[in-house]
Amino acid sequence: MTTAAVAVTGPRRRSAGLLTALTWIIGIVFFFPVLWMVITAFKHEADAYTDPPRLFFTPTLEQFRALFDAGAWPYFLNSLFATTVSTLLVLLLAVPAAYALAIRPVKKTQDVLFFFISTKMLPVVAVIVPIYVIAGRIGALDNIWTLVVLYTAMNLPIAVWMMRSFLQEIPAEVLEAAAMDGASLRQTLLRVMLPMVAPGLAATALICVIFSWNEFFFSVNLTASQAATVPLFLVGFMTSEGLYWAQLAAAATLASLPVVLAGWVAQKQLVRGLSMGAIK
Amino acid sequence: MRLAAVLGAAAALSACAGAGALTSGSGDGTTIVVAVVSNPQMTDAIALADDFRAAHPGVDVDFVSLPENESRAKITASVATGGGEFDVIMVSNYETAMWAENGWLVDLQPYADATDDYDTDDFIAPVRESLSYQGDMYSVPFYGESSFLVHREDLFEAAGLTMPERPTWPEVRELAAAIEEANPGMNGICLRGLAGWGENLAPLNTVINTFGGQWFDEDWNARLDTPEVREAVEFYVDLVREHGQAGAATSGFADCATRYGQGQAAMWYDATSMVNVVESPEDSVTAGRNGYAPAPVVETEASGWLYTWSLGIPASSEHPDEAWDFIAWMTDKDYPHLVAEELGWERVPPGSRTSTYEIPEYAEVAAAFAEPTLSSMEVADQDHTMTAPVPYDGIQFLAIPEFQDLGTRVGQQISAAIAGQISVDEALDQAQRYAETVGESYQEEGS
């Protein structure tokens with residue numbers, strides 16, 4: 001390692017330096033809007049839309065207090081519920097399906113997989129009217145369980161595909177060894193396979209959490225006052241008459257916090273899971 | 001075992017979510033759901049709703065507050081399919097008569113007549129007319145607006161310019177050029193360019209009207225290719241390109257509010273509700289230095305538009321009586337006093353009741369803009385702002401269901417012309433084709 005580094009010649013090192021600089025620039029370009037959102041969240045309204053933008057200002061928590069005064073809690077609880085329950089349901093359904101498709105492929109496995117992913121090809125907007133009418137007829141409008149069902153359906157195909165690729169990476173020898181040792185299916189699943197695919201499971205769960213937490217379209221169309229989720233709370237601060245940049249930024253910051261936290265908690269698992277090198 | 005625990009926790013969370021929902025505490029009373037557009041005046045009403053709850057112990061109110069586009073889409077879907085999520089909906093003079101005709105709205109006239117001291121005759125006449133169908137009001141105004149021209153009195157004075165009492169559009173163009181000369185780096189005027197039937201088409205349509213143009217003649221023949229329309233659109237596009245703000249093709253009300261409020265433009269032609277921004281010392285460096293003139297004209301006597309956010313009850317509501325109680329609370333003569341007491345006179349919703357303008361405290365706070373607002377609104381009807389009769393209602397919009405789509409498509413063409421991507425002629429040729437399609441469907445219906 002050290003010798004290799006020493007052996008790098010001048011021009012190559014320079015190009016490596018350029019690459020690093022470029023990486024940093026791209027990283028900053030991508031991160032800047034997020035940073036600006038967080039900064040704006042701590043501004044007074046009057047500081048938020050000055051031109052040129054103001055970098056130095058007296059920070060305030062006024063915007064965050066206003067959010068809680070505006071009743072942010074019910075929205076967060078609704079989102080938390082819809083996200084948690086739908087993610088659990090997705091994992092509960094996706095893991096056995098993925099197991100069947102990865103470890104014990106049956107006839108037409110490819111067709112089944114294609115069917116799963118094809119359900120994601122239809123644009124949601126194309127089915128919203130039927131879904132809305134059906135939900136209306138069965139009295140399921142503005143009900144958090146409607147969102148749970150839809151989010152589960154929405155994330156299931158992706159979860160099946162992801163979990164299948166993780167399960168496929170388990171060497172067949174490991175399963176054979178477990179069978180040789182007399183492990184039952186249940187034991188094989190829980191004691192042998194689960195620990196091996198835990199990073200993949202975490203990555204899948206996080207993707208589901210992110211998608212459900214940020215979902216706007218179903219929520220805006222199917223909920224009203226009882227089951228409204230965080231994205232709806234967020235857009236409530238957008239107005240065509242008036243200037244509420246700071247408050248909107250504060251709401252956006254608050255709305256993204258749970259997902260950032262979830263990602264941070266699962267960070268270690270996630271890096272392994274997402275790089276797909278979990279097993280080897 | 002662990003799974004059971006997790007599901008148990010989820011169930012507990014669900015109970016929690018239920019209890020934490022907005023409807024806590026009303027016991028066995030009625031809960032009405034009110035859908036509003038998330039504009040500042042409505043946000044104030046939500047904050048003041050405890051006053052209604054105190055006066056009506058058996059009734060609780062939940063609010064659904066969304067931005068204009070989402071709110072309009074959602075409310076339309078709900079009333080059209082009888083979804084029944086809402087007891088009170090915020091609509092405008094664009095929807096009210098159409099929806100009343102479809103049977104989607106409850107006739108509010110009997111309720112209003114039965115409510116002591118509600119007095120629908122107190123509503124500003126064009127506003128009342130625009131919310132009526134066959135003589136009955138189907139929604140009642142919460143606030144209303146026309147359009148006028150704001151300008152920086154201090155800059156005009158320093159440059160030795162005067163704003164005429166009733167400016168014409170050519171005069172406005174000259175003033176824009178003169179003020180730019182006196183204040184290098186400043187824009188003469190800010191005008192909307194952002195595509196949308198409620199964005200750039202709102203001011204542009206008033207310009208088309210006053211230049212003598214129209215969208216359709218009385219037989220639904222599309223008229224966007226006439227010399228009058230061409231002249232009007234060329235004028236608007238040239239004005240904003242020469243003396244308007246940079247990036248005008250993507251700037252709407254909010255952007256102009258920021259620019260004018262930050263002192264980057266000397267004039268701004270837009271909704272009278274702009275006073276909430278430009279006269280607010282926290283939002284605007286120009287507060288107290290603004291003068292207001294009526295919407296500039298060419299061929300017509302007046303040219304201001306008319307828009308009003310109003311409240312109605314969808315026919316699918318199960319609690320129309322309670323819904324009316326709430327509407328009456330939000331639109332009666334006492335509401336301005338409540339707002340003034342809790343939030344200040346400058347937050348009072350403007351442009352709905354004439355009696356509001358007779359309150360001395362309001363007249364004092366609104367001295368600069370009360371009279372221009374009221375006088376603009378009083379002449380905001382087709383008789384004063386158009387040169388020839390048209391087969392549709394509305395001034396800056398056409399009150400037909402197709403207009404949301406048609407207007408946005410035409411608005412995109414105009415926006416492209418403002419950006420310089422296409423010529424005004426190309427934009428109008430395309431717009432004319434869109435309009436012809438819509439016109440033909442009405443001609444078939446009529447024949």
Legend entry - When B/Ser71, B/Ala73, B/Ser78 are compared by non-hydrogen pairs under 4.5 Å with chain A, the top option: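 Going by pairs under 4.5 Å, I would pick B/Ser78.
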Legend entry - For chain A, the option from B/Ala35, B/Gly198, B/Pro67, B/Gly82 that forms the most heavy-atom pairs under 4.5 Å: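 When all of B/Ala35, B/Gly198, B/Pro67, B/Gly82 are compared, B/Pro67 has the most.
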Heavy-atom cut-off 4.5 Å, strictly under: side chain, backbone, both or neither for [X] against chain B?
| X | result |
| --- | --- |
| A/Ala228 | neither |
| A/Phe216 | side chain |
| A/Leu91 | neither |

Legend entry - Which atoms of B/Thr43 approach chain A - backbone, side chain, both or neither, heavy atom under 4.5 Å: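 The answer is neither part of B/Thr43.
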Legend entry - B/Thr81 versus chain A, the contacting section by heavy-atom distance below 4.5 Å: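 Side chain only.
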For the atom pair [atom1] ([X]) and [atom2] ([Y]), what is the distance rounded to the nearest 0.5 Å?
| X | Y | atom1 | atom2 | answer |
| --- | --- | --- | --- | --- |
| B/Lys74 | A/Thr223 | NZ | OG1 | 5.5 Å |
| B/Glu85 | A/Leu222 | CD | CG | 8.5 Å |
| B/Phe86 | A/Leu141 | CZ | CG | 9.0 Å |
| B/Asp62 | A/Gln226 | CG | CD | 5.5 Å |
| B/Glu70 | A/Met238 | CD | CE | 6.5 Å |

Legend entry - For the student: nearest non-hydrogen atoms of B/Phe63 and A/Tyr75, plus distance: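 Shortest heavy-atom contact: O-OH, 4.5 Å.
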